[in-house]
Structure formats: C-alpha cells, structure tokens
J.: 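One structure coming up, written as structure tokens, with questions to follow.
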Amino acid sequence: MTTALVPDGHSRVWWATPQQPPADTVSGVLSPPELERAMRFHRDADRRRFLTACLLLRAAAAAHLDIAPHQVHVERRCPDCGKPHGKPHILHTPEPLYASVSHSGDRVAVALSTAGPIGVDVEQIPDAPVNELIRSALTPAEQDFVRSLPERHQHAAFTRIWVIKEAVLKATGHGLRVPPRHVSVSYPHQPPALLDWPLDVPVDELRLSALDPGPGYAGMIATISGAGPVSVMEAEVDDLTRMPFTTIGIAA
Ligand SMILES: CC(C)(COP(=O)(O)OP(=O)(O)OC[C@H]1O[C@@H](n2cnc3c(N)ncnc32)[C@H](O)[C@@H]1OP(=O)(O)O)[C@@H](O)C(=O)NCCC(=O)NCCS
C-alpha cells in the first residue's frame, strides 16, 4: 500500500545541496553497488553529489512506498556495458514509480513520478565560452537563434535548450546515445516543448516543465505521458542527516 507522496498522475522534484552524509548513514542505507561506485570517485565533489542523490532518491521513494530507505530496490543497469550505472529504476509493484536524477555544481535533483517515465536535468549556466557546445549540441536553426542573441544572453539560452534535450533523452533512457543536435526543441522565450527527434515516442507525449534550481542554473523535467498535463511540485531538502527522510520536507 503506497502513500500519496507522489499522487497519481503527478511528478515531484526534490532539491538538495551536495552534502557529505555521516558514514553510518551511507553504509546503512546504500546498496553494495552504490557503495562501490561512491568509493571509485576521485573527486570529493563528485562523490558528494552522487551520495546526496542516492540518499535523496531512496528517502523520497521510501516515503512514497512507506518502507525504509535501505529497503528501496533501486536498479541501474547500463545497456552498453552491463555495469550498475545509468537510469535508475525503482523495482516495486504494483503501481510503477518512475525516477530520475541529475546533479550539477551545487545542485542535486531527484524526481519521482507516477505519471510515466521521467527525465530530470539541472545544469549550471557556464561561464566559459559556449561556442563549441552550441555547434555540437544544437540544430542549425537553434544555433542561429542562440548566436543572434547578445553574447551575455547566449550562455543562459544555450543552457535552457540543453536541459530540455537532456531531460527528454533521460526520460526514454537513451541519454546522449542520441546526439542532441538531432533533437529539436523550443526556444528559451517559448514554453518548453519537444519539436522533433529521431525516436518512436510521439513528441506530443513529452510533458515538459521548467524547474527552479536557483540563480545560475537551469532545470527541466520531462514526463512521457499520453494522458494530458502532468502536475509537477518542487521542494528543497535542507538536511539529509535527519532520518527518517519522511520528516525532512518531503511529506505529502
Ligand atoms: C544521461 C546522461 C546524459 C547524464 O549526463 P550528465 O549531464 O553528465 O549528468 P546528470 O547529472 O544530469 O545525470 C546523471 C544521472 O543520470 C542518470 N542516468 C545515467 N544514464 C542515464 C540514461 N541513459 N538515461 C536516463 N538517466 C540516466 C543517472 O541517475 C545519473 O546519476 P548518477 O551518476 O548519480 O547515477 C549521460 O550520462 C548519458 O548520456 N549516458 C548514456 C551514455 C552512457 O552512459 N554510456 C555508458 C556506456 S558504458
């Protein structure tokens, strides 16, 4: 029996700042493949983002399923190499619970949905020149649009277009196996939309909502649902150490 943390037909997003959780929390909650991955990061910042996302995903799913975070069965299986990484799947029945994770800079996003497969993406708006990114990731029309903007607006415009592309490709699980320059999306001043792509999923089944990760970032969630609009709610989680997670700002 599930709670209504993620009501039918809804998607929810939880935001956190990367944190270094206490060792006993990590070892008591994460699965062996998650612990192994955490140990392999060379940079502390990458490890913190990964650990924060793992704990947040387990906390949110546990709260929805009314079980403990360590009991959540999260499976990641790369279709290319078979290793335990890639799109996370929450393996609990009968009603499917779809999940997605993203991290960039100081922002970690975890999304759950009962509406359909989801992809969430957050990106820090880059300081460095984006010319090469524009050339490699955007369609020719998108390139012309972004380059027509004053240079100070090009970074944010590129990032907004990019998060739409990543969110829709994460929703299907393809990720960047599909070149983003083959995916055509709306411009930043328009409501977010997928216009064209080389996949079988009809573009009008992708429900997009811009997210609010805070200044200097862009965020997007895509839900694959043929059943009309999807309601998306966002919440900030301040303290990952306050177990059980059902009490830390993610109550329904
Ligand atoms: C999905 C992808 C675009 C994310 O890239 P990113 O912008 O650097 O990272 P984000 O922080 O936004 O997202 C990372 C999260 O996406 C999820 N993810 C990874 N691959 C995914 C995929 N194919 N579909 C959906 N989600 C995916 C994971 O939850 C990952 O989090 P984790 O590293 O903490 O487990 C990129 O990893 C990708 O294209 N992967 C597919 C290709 C691939 O991995 N090949 C591996 C061959 S061995």
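This chain uses plain numbering: 1 for the first residue, then up along the sequence. Remember, it's 1-based here, ligands and their atoms both numbered in the order they're listed.
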J.: Would you say the side-chain atoms of Ser11 and Thr223 include a donor-acceptor pair closer than 3.5 Å?
T.: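 Looking only at side-chain atoms, Thr223 and Ser11 do form a donor-acceptor pair, the distance falling under 3.5 Å.
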
J.: At less than 4.0 angstrom from any non-hydrogen atom of Arg37, what atoms of ligand 1 do you find?
T.: 32 (P), 33 (O), 35 (O)

J.: Any idea which protein heavy atom is nearest atom 11 (O) of ligand 1, and the distance to it?
T.: His103 N, 2.8 Å

J.: Could you find the nearest protein heavy atom to atom 44 (O) of ligand 1 and give me its residue, atom name and distance?
T.: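 Looking at atom 44 (O) of ligand 1, the protein heavy atom closest to it is Arg177 NH2, 4.2 Å.
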
J.: Of all the non-hydrogen atoms in the protein, which one sits nearest to atom 25 (C) of ligand 1, and at what distance?
T.: Lys170 O, 3.3 Å

J.: What residue and atom, counting heavy atoms only, is the protein's closest point to atom 5 (O) of ligand 1, and at what distance?
T.: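 Heavy-atom neighbour on the protein nearest atom 5 (O) of ligand 1: Glu166 OE1, 3.9 Å.
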
J.: Say you draw a straight line from CE of Met220 to OG of Ser102; how long is it, rounded to the nearest 0.5 Å?
T.: 12.0 Å

J.: Report the C-alpha separation of Glu34 and Arg37 in whole Å, then their side-chain angles, then the decisive distance to 0.1 Å, and conclude whether the salt bridge (Lys or Arg N to Asp or Glu O under 4.0 Å) test is met.
T.: CA-CA 5 Å; Glu34 288 169 336; Arg37 265 191 79 197; over 6 Å; no

J.: Under 4.0 Å, counting heavy atoms only: does Glu123 come that close to any atom of ligand 1?
T.: yes

J.: What is the nearest protein non-hydrogen atom to atom 12 (O) of ligand 1, stated with its residue, atom name and distance?
T.: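 Result: Ser102 OG, 2.7 Å.
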
J.: Got a sec, which residues hit salt bridge (charged side-chain N to carboxylate O under 4.0 Å, His left out) with Arg49, two or more places apart in sequence or on another chain?
T.: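 With neighbours one apart ignored, the set is Asp46.
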
J.: Around atom 48 (S) of ligand 1, find the nearest protein heavy atom and jot down its residue, atom name and distance.
T.: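 Going by distance alone, atom 48 (S) of ligand 1 is nearest to Cys81 SG, 3.5 Å.
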
J.: Specify side chain, backbone, both or neither for Asp80, according to which of its non-hydrogen atoms lie closer than 4.0 Å to ligand 1.
T.: side chain

J.: State the atoms of ligand 1, each with its element, that fall below the 4.0 Å cut-off from a heavy-atom position in Gly175.
T.: 23 (N), 39 (O)

J.: For residues 175-196, pull every pair meeting ring-ring contact (aromatic ring centres under 6.0 Å, His included), keeping only residues two or more places apart or in separate chains.
T.: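 Of all non-adjacent pairs touching residues 175-196, those that pass ring-ring contact (aromatic ring centres under 6.0 Å, His included) are Phe145-Tyr187, Phe145-His189.
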
J.: Determine whether a donor-acceptor pair (N or O, by modelled atom type, separation under 3.5 Å) exists between the side chain of Arg48 and the backbone of Gln20.
T.: no

